[in-house]
Novice: 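Handing you a structure now.
Counting convention: from 1, in listed order, for ligands and their atoms alike.
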Amino acid sequence: MGSDSLSILNATKATPIPVQEEDPPNQSTALLSFNTDSSSGPPQKPTTTIVFISLLLITCIALAAAGAFAFLFFSSPSSQTPSTAHIESTARPLSKLRHPVVILISSDGFRFGYQFKTATPNIGRLIANGTEAEHGLIPVFPTLTFPNHYSIVTGLYPAYHGIINNRFADPHTGEIFTMASHEPKWWLGEPLWETVVNHGLKAATYFWPGSEVKKGSWNCPLKFCRNYNGSVPFEERVDTVLGYFDLPSSEIPVFMTLYFEDPDHQGHQVGPDDPEITDAVARIDRMIGRLIQGLEKRGVFDDVTIIMVGDHGMVGTCDKKLIFLDDLAPWIEIPGDWVQSHTPLLAIRPPPGVSPSDVVAKMNEGLKSGKVDNGKNLRVFLKEELPSRLHYVASDRIPPIIGLVEEGFKVEQKRSKRQECGGAHGYDNAFFSMRTIFIGHGPEFARGQKIPSFENVQIYNLVTSILKIQGAPNNGTQSFPQSILLSSP
Ligand code: AMP
Ligand code: ZN
Ligand code: ZN
């Protein structure tokens, strides 16, 4: 990266995410027991002493028995009960692999909480024996697939990695970026596969937005990289990744990605609360089971680090929750060709000569007037005036006017007879419905550890720390991996 982009990055370093601290010892309990045991009362008589000694003996025997039972229970290999009492303090040594290996899995649109919809024994196994963001992983804004997947692998907010939407226009050339654009000029920053190859190590991608882009040291090699094809069965994706572990040890990629379109695909069609989602979640769980079994068969499950995430959540949408730009005509006409994206991220670039602040003022006047259906559920901003927590300003690819819509609402150009209910994402990342999952399992992740929610830009540093390689500058913090990973022995 050039020094200019570096200084931008440094100037906009993400605020460190607070790390949950251990509860301080309960002082009132400690004082209470001190008082009870204190000898400030009358002197003890001999009979009281005998009773006391007998009680003490019985208690000791009971405690010993309980201890033996607990040892047998927790040391049983089939036990998956998380136990904070047993959280290790050092990383577990590798037994078979020569180098740490990270498999980064994305289940698209896996809203936080989906894991409770049905029995998910395999995801549950990773959670029980690994580290979980207890209230989910926070996506970046906008909570869309391409911006988020690329933030996960670069540690950069979209304004810095350049993929500011699934579709947008280059403000200088007018050229359109789509999910099929693989020219390196769109994709800024350094994704993990490139960092890994820069260190003379091998990386493999079984789909990930940006992975087909040949950039820097990464040339998307045939052996370890696929052009996106959504019809490849999930089983084939898992089995291909497993096959990498059959290579000679110096050939095994140290970083692998694995991507599943579900349950996002179903979420858009039927919304988050439908039996179809439950089935999709169960299927993802079976894929995780297939991966675990394959790794176990090869004797590497305990050596491999699995990081399972989603890119964003999902919220139900319905035709009653619509806002039509044409309804703003009495205040200002917004032609369709000013609008780069309607929903849930409203992005408007008026032509030269039209003042963006004027457009914002008139739109908000109309929206607040009470005369526009659902108007109060949309607020437009000059991008410079968006809340700074969204980090959505520092790129000229971001159009000057951005609208934030309330959860579940959608913006359309004009009224139509279309009646539809389904699901969407792309909203403010502060909405809980946009949260997704984070699970880390492997030698550096404590078993049964629960951590507070954090933003996905932290994952880049987490992976480089596990792989013990130097990462590129990014918006994550160095203190994050140190706070959640087990220290090396
Ligand atoms: P979204 O429209 O934000 O819900 O995006 C999800 C969709 O992105 C998936 O259903 C896929 O069709 C598509 N997608 C995911 N990965 C890729 C990729 N590497 N290349 C092209 N399209 C992709
Ligand atoms: Zn997605
Ligand atoms: Zn989607």
Novice: Is Asp319 salt-bridged to Lys410, cutoff N-O under 4.0 Å?
Specialist: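 A salt bridge is absent here (no side-chain N lies under 4.0 Å from a carboxylate O).
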Novice: What I want to know is whether Asp108 and ligand 1 share at least one N or O pair that is separated by under 3.5 angstrom.
Specialist: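 Checking ligand 1 against Asp108, no N or O pair falls under 3.5 Å apart.
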Novice: Starting from atom 10 (O) of ligand 1, find the nearest protein heavy-atom neighbour and note its residue, name and distance.
Specialist: Glu261 CG, 4.0 Å
Novice: Report the relative orientation of the aromatic rings in Tyr259 and Trp208; use parallel for angles under 30°, tilted for 30 to 60°, perpendicular for over 60°.
Specialist: perpendicular
Novice: I'd like to know if Glu175 pairs up with Lys185 as an ion pair, taking the criterion as any Lys NZ or Arg NE/NH1/NH2 lying under 4.0 Å from an Asp or Glu carboxylate oxygen.
Specialist: yes
Novice: Hey, which atoms in ligand 1 end up nearer than 4.0 Å to a heavy atom of Met179?
Specialist: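 Listed by number with element, the hits are 8 (O), 20 (N), 21 (C).
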Novice: State the atoms of ligand 1, each with its element, that fall below the 4.0 Å cut-off from a heavy-atom position in Asp264.
Specialist: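 In order of number, 4 (O), 6 (C).
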Novice: Tell me: protein heavy atom nearest atom 23 (C) of ligand 1, and distance?
Specialist: Tyr228 CE2, 3.5 Å
Novice: Can you tell me if, anywhere in His268, an N/O/S atom lies at a distance from the Zn ion (ligand 3) that is smaller than 2.8 Å?
Specialist: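 Looking at His268, which is the residue asked about, there is an N, O or S atom under 2.8 Å from the Zn ion (ligand 3).
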Novice: Among all protein heavy atoms in this structure, tell me which lies nearest to atom 5 (O) of ligand 1, with the distance rounded to 0.1 Å.
Specialist: Thr145 OG1, 2.9 Å
Novice: Find all atoms of ligand 1 within a distance of less than 4.0 Å from any non-hydrogen atom belonging to Pro209, and give their numbers and elements.
Specialist: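 This gives 16 (N), 19 (N) as the contact atoms.
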Novice: Would you say Tyr228's side chain and Ala180's backbone share a donor-acceptor pair under 3.5 angstrom?
Specialist: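 Flag not set: sc Tyr228 to bb Ala180 has no pair under 3.5 Å.
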Novice: Give, rounded to 10 degrees, the angle between NE2 (His312) and OG1 (Thr145) as seen from the Zn ion (ligand 2).
Specialist: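 Rounded to 10°, it measures 110°.
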Novice: Would Arg237 and Phe260 count as a cation-pi pair here, with the cationic atom under 6.0 angstrom from the ring centre and within 45° of the axis?
Specialist: no
Novice: Between Phe177, Trp193, Tyr160, which is the residue that forms a ring-ring contact (aromatic ring centres under 6.0 Å, His included) with Trp187?
Specialist: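 The single option meeting the ring-ring contact (aromatic ring centres under 6.0 Å, His included) with Trp187 is Phe177.
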Novice: Any idea which N/O/S atom from Asp311 gets closest to the Zn ion (ligand 2)?
Specialist: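 The Zn ion (ligand 2) is closest to the Asp311 atom OD2, counting only N, O or S.
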Novice: In Asp108, which N, O or S atom comes closest to the Zn ion (ligand 2)?
Specialist: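 Nearest N/O/S atom of Asp108: OD1.
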Novice: Have a look at the Zn ion (ligand 3) and estimate, to 10 degrees, the angle subtended by NE2 (His425) and OD2 (Asp264).
Specialist: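 Taking the Zn ion (ligand 3) as the apex, the two atoms subtend 150°.
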Novice: So which heavy atom in the protein is nearest atom 2 (O) of ligand 1, and how far is it from that ligand atom?
Specialist: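 Here the nearest protein heavy atom works out to Asn166 ND2, 3.6 Å.
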Novice: Among Tyr259, Trp208, Phe260, which one has a heavy atom closest to atom 7 (C) of ligand 1?
Specialist: Tyr259
Novice: Any heavy-atom pair between the side chains of Phe438 and Ile307 that's under 4.5 Å?
Specialist: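 Yes - at least one pair of side-chain heavy atoms lies under 4.5 Å apart.
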Novice: Any carboxylate oxygen within less than 4.0 angstrom of a Lys/Arg side-chain nitrogen, looking at Asp428 and Arg389?
Specialist: yes
Novice: Assess whether side-chain contact (heavy atoms from CB on, under 4.5 Å) is satisfied between Phe381 and Val360, documenting all intermediate values.
Specialist: CA-CA 6 Å; Phe381 295 80; Val360 167; 5.9 Å; no
Novice: Is a side-chain N or O of His161 found less than 3.5 angstrom from the main chain of Ile163, in a donor-acceptor match?
Specialist: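 Side chain of His161 to backbone of Ile163: a pair is present.
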Novice: Is His149 in contact with ligand 1, taking contact as a heavy-atom separation below 4.0 Å?
Specialist: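 His149: no contact with ligand 1 (<4.0 Å).
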Novice: Closer than 4.0 angstrom: is that true for some heavy atom of His312 and an atom of ligand 1?
Specialist: no
Novice: What part of His268 sits under 4.0 Å from ligand 1 if we count only heavy atoms: the side chain, the backbone, both or neither?
Specialist: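 Answer for His268: side chain.
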Novice: Could you tell me the separation between the CD1 atom of Ile138 and the CD atom of Glu455, rounded to the nearest 0.5 Å?
Specialist: 6.0 Å
